[in-house]
Number of protein chains: 2
Amino acid sequence: MTQASKTGKARRSWQDIRDEIHRRVLSRRYKPGDKLPRDEDIAEELGCARSTVQRAMQDLNDAGIVERKRKGGTQVRPDPVTRATLDIPITRVEVEARGARYGYQMLASGRETTPAPVAAAFGLAAPEEMLHIEALHLADEAPFILEDRWVSLATCPEIANVDLSVKSANEWLVMHKPYDRMDLRFYAVNASGAMAARLKLREGAALLVIERSTWIGDAPITTVRSVTTPGYQLLTGS
Amino acid sequence: MTQASKTGKARRSWQDIRDEIHRRVLSRRYKPGDKLPRDEDIAEELGCARSTVQRAMQDLNDAGIVERKRKGGTQVRPDPVTRATLDIPITRVEVEARGARYGYQMLASGRETTPAPVAAAFGLAAPEEMLHIEALHLADEAPFILEDRWVSLATCPEIANVDLSVKSANEWLVMHKPYDRMDLRFYAVNASGAMAARLKLREGAALLVIERSTWIGDAPITTVRSVTTPGYQLLTGS
DNA sequence: GACTTTTTTATGTAGCTACATATTAATGAG
DNA sequence: CTCATTAATATGTAGCTACATAAAAAAGTC
């Protein structure tokens with residue numbers, strides 16, 4: 001038996017408060033740019049403690065619904081942004097989630113000096129020798145994602161001893177080299193001749209590219225350019 | 001003068017606790033899949049209240065670093081995901097942030113019955129008459145984003161009276177029709193003849209497309225397909 | 001009037017208690 | 001031994017107090 005059913009009066013949870021405030025924003029009782037009452041007044045009005053309002057407001061703030069400033073109070077965000085959370089799983093998990101058989105092929109691997117774009121992605125002052133890996137992820141034997149990865153040997157010397165021909169660098173890194181900071185970007189490219197050949201599709205096809213760089217502290221770990229196959233879509237989790 | 005400087009001993013904030021736990025995950029003292037001590041023990045070890053650990057853990061949970069279950073305890077996420085938050089601003093704001101002059105052109109507007117793909121995006125059982133708008137966002141007079149939008153007249157009858165030839169439907173909607181639920185997807189397309197003509201580029205160019213549908217409750221508000229121009233990149237905020 | 005300092009005030013945080021809730025683990029019935 | 005019931009336990013939440021902090025507003029100062 002819940003407390004609500006015992007006392008006959010439901011205790012309002014912070015989610016209830018959050019939803020009530022959200023409703024008021026949605027119903028335009030509080031309009032974009034409007035200042036909201038102070039937490040204490042809302043608490044009194046809705047019959048709960050200030051800490052409960054605080055919790056609710058935190059959440060609305062994180063969600064981009066309101067903006068809070070010390071002393072300045074709370075206001076409805078005047079320039080609404082579309083905020084979304086993306087979860088990008090390991091490719092193997094993604095393929096398996098689609099009910100397909102996962103496959104992995106290392107295409108090339110070796111030590112090379114970082115070309116300018118890679119050094120730029122890492123924000124390196126000078127080029128550096130890194131591990132360069134090209135690999136293909138397969139779903140039911142068909143090419144799924146082509147990845148072009150650079151791994152800093154200065155930050156991850158251990159990876160030199162890992163057999164990356166059977167297991168992807170992604171999996172090894174994700175389990176052994178947690179990161180601190182990440183940079184993600186998405187854009188579209190026309191398949192080059194080399195890409196088309198490796199992904200077995202016509203040259204010029206529009207492909208979604210996911211670029212990701214990770215650091216631990218200031219030390220670069222890895223930067224990957226993942227070229228997806230036609231039809232690939234990135235979806236938000238909400 | 002802060003309390004820390006007065007007492008000589010800093011009070012540890014929940015962020016300190018969070019960072020300490022995070023460090024332990026990063027340093028692999030707690031490895032993926034490992035079970036963490038109970039909040040109370042961590043609190044005692046680090047010299048703070050359980051509520052502080054709770055707050056820290058909440059944050060790590062939201063960030064996808066750990067997973068918590070009642071009674072089950074806390075464990076380091078065994079299948080690390082790359083979690084990122086995307087903020088997509090109004091196009092006008094985005095253009096202005098780049099230091100360019102924003103321009104807007106309505107290309108076409110009228111009432112039409114939703115074709116199958118649009119009905120599907122909304123999860124509609126039956127096609128419906130909606131407002132269909134094609135418009136172009138410009139940055140310094142050059143095409144920037146081409147949008148193809150459907151607005152539910154059932155949910156937003158007021159929009160019929162808005163002059164959408166000078167101000168984008170996006171701006172009006174964002175200020176007057178807050179949403180509840182959103183669906184976002186990103187993919188790449190080759191520019192069709194029509195797209196190429198409107199965006200003034202060659203047919204077949206790879207373009208990043210952002211598709212967004214919004215609802216209030218179960219009622220559909222709008223669905224937009226925004227076709228960006230070459231070179232456009234979506235970046236994460238973190 | 002322009003500038004600096006002080007006060008005020010709304011949000012932010014730490015710590016505590018008490019209880020809720022979801023599981024797991026232990027126990028008991030058959 | 002299997003299944004249902006009960007107890008134990010880690011996290012989740014509400015409410016309270018006290019204080020910290022940032023920023024606006026007010027009060028001084030030149």
Side-chain angles (χ1 to χ4, degrees), chain A residues 1-22 25 30 33-78, chain B residues 1-22 25 30 33-78:
Chain A
M1 194 191 265
T2 65
Q3 179 179 7
S5 58
K6 264 189 290 192
T7 62
K9 191 199 170 200
R11 182 186 273 188
R12 315 193 66 164
S13 73
W14 66 268
Q15 280 120 338
D16 293 339
I17 305 299
R18 176 196 61 191
D19 292 347
E20 174 59 28
I21 304 292
H22 194 184
V25 173
Y30 300 146
D34 276 8
K35 203 176 152 198
L36 271 62
R38 353 182 323 233
D39 290 6
E40 214 171 317
D41 294 339
I42 292 181
E44 197 188 354
E45 186 203 336
L46 300 181
C48 66
R50 178 166 81 89
S51 55
T52 308
V53 175
Q54 159 79 16
R55 187 91 174 70
M57 287 296 193
Q58 270 307 345
D59 204 56
L60 290 168
N61 188 61
D62 291 348
I65 311 285
V66 303
E67 259 180 340
R68 277 160 83 75
K69 266 194 307 197
R70 274 182 153 138
K71 161 81 182 175
T74 309
Q75 66 167 321
V76 182
R77 258 189 101 111
Chain B
M1 195 191 264
T2 65
Q3 180 180 1
S5 58
K6 263 188 292 194
T7 61
K9 191 198 170 201
R11 182 187 274 188
R12 314 193 67 165
S13 74
W14 66 266
Q15 279 118 335
D16 292 339
I17 305 299
R18 177 197 59 191
D19 292 347
E20 174 58 30
I21 304 292
H22 194 185
V25 173
Y30 300 146
D34 276 10
K35 203 177 152 194
L36 271 64
R38 1 186 313 239
D39 291 4
E40 214 172 317
D41 294 339
I42 292 181
E44 197 188 355
E45 186 202 337
L46 300 182
C48 65
R50 177 167 82 90
S51 54
T52 307
V53 176
Q54 159 77 17
R55 185 91 174 74
M57 287 296 193
Q58 266 312 339
D59 203 56
L60 290 168
N61 188 61
D62 292 348
I65 311 286
V66 303
E67 259 180 342
R68 277 160 83 76
K69 267 195 306 195
R70 275 186 152 129
K71 160 80 183 177
T74 308
Q75 67 167 326
V76 182
R77 258 189 98 110

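Throughout, protein chains are lettered first and strands after them, A, B, ... in sequence-line order, and every chain is numbered starting at 1. Being a predicted model, the structure only gives us computed values, none of them experimental.
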Check: B/Arg70 side chain, C/dT21 base, donor-acceptor under 3.5 Å: yes
Selection from D/dA14, C/dG12, C/dA18 that lies nearest to any side-chain heavy atom of B/Arg50: C/dA18
Whole-Å distance separating the CD atom of A/Glu40 from the P atom of C/dG12: 14 Å
Closest listed nucleotide, where the reference is the side chain of A/Lys71 and the choices are C/dT8, D/dT13, C/dA14: C/dT8
Flag if over 12 foreign heavy atoms under 6.0 Å of CD, A/Glu44: no
Polar side-chain atom of B/Asp19 near backbone of B/Asp16 as donor-acceptor pair, under 3.5 Å: no
Nearest-angstrom distance from the residue atom CE of B/Met57 to P of D/dT13: 15 Å
Rounded distance in Å - CD (B/Glu67) to P (D/dT11): 14 Å
Sugar-phosphate, base or nothing in reach of B/Ser51, heavy atoms under 4.0 Å: base
For atom CZ of B/Arg18 and atom C1' of C/dA14, their distance in whole Å: 16 Å
Sugar-phosphate, base or nothing in reach of A/Gly72, heavy atoms under 4.0 Å: nothing
Length of the CZ-C1' vector between A/Arg55 and C/dT11, whole Å: 16 Å
Among C/dT11, C/dG15, C/dA10, the nucleotide that comes nearest once only the side chain of A/Gln54 is considered: C/dT11
Distance, rounded to the nearest Å, where B/Arg38 contributes CZ and C/dT24 contributes C1': 15 Å
Which nucleotide in D/dA24, C/dT11, C/dT24 has an atom nearest any side-chain atom of B/Lys69: C/dT24
Interatomic distance, B/Leu60 atom CG to B/Arg68 atom CZ [nearest 0.5 angstrom]: 9.0 Å
A/Gln15, nearest nucleotide to its side chain (from C/dT13, D/dT13, C/dG15): D/dT13
From D/dA10, D/dG15, C/dA14, nucleotide with atom closest to A/Ala49 side chain: D/dG15
Between C1' of C/dT24 and CD of B/Gln75, the distance in whole Å: 14 Å
Heavy-atom closest pair, residues B/Ile42 and B/Pro37: CD1-O, 3.7 Å
Side-chain N,O (B/Thr74) to OP1/OP2 (D/dA10) below 4.0 Å: no
Residue pair A/Leu36 / A/Met57: nearest heavy atoms and the distance that separates them: CD2-CE, 3.7 Å
Distance in angstrom units between B/Lys35 NZ and C/dT23 P, rounded: 14 Å
Below 4.0 Å: OP1/OP2 of D/dT13 and any side-chain N or O of A/Thr52: no
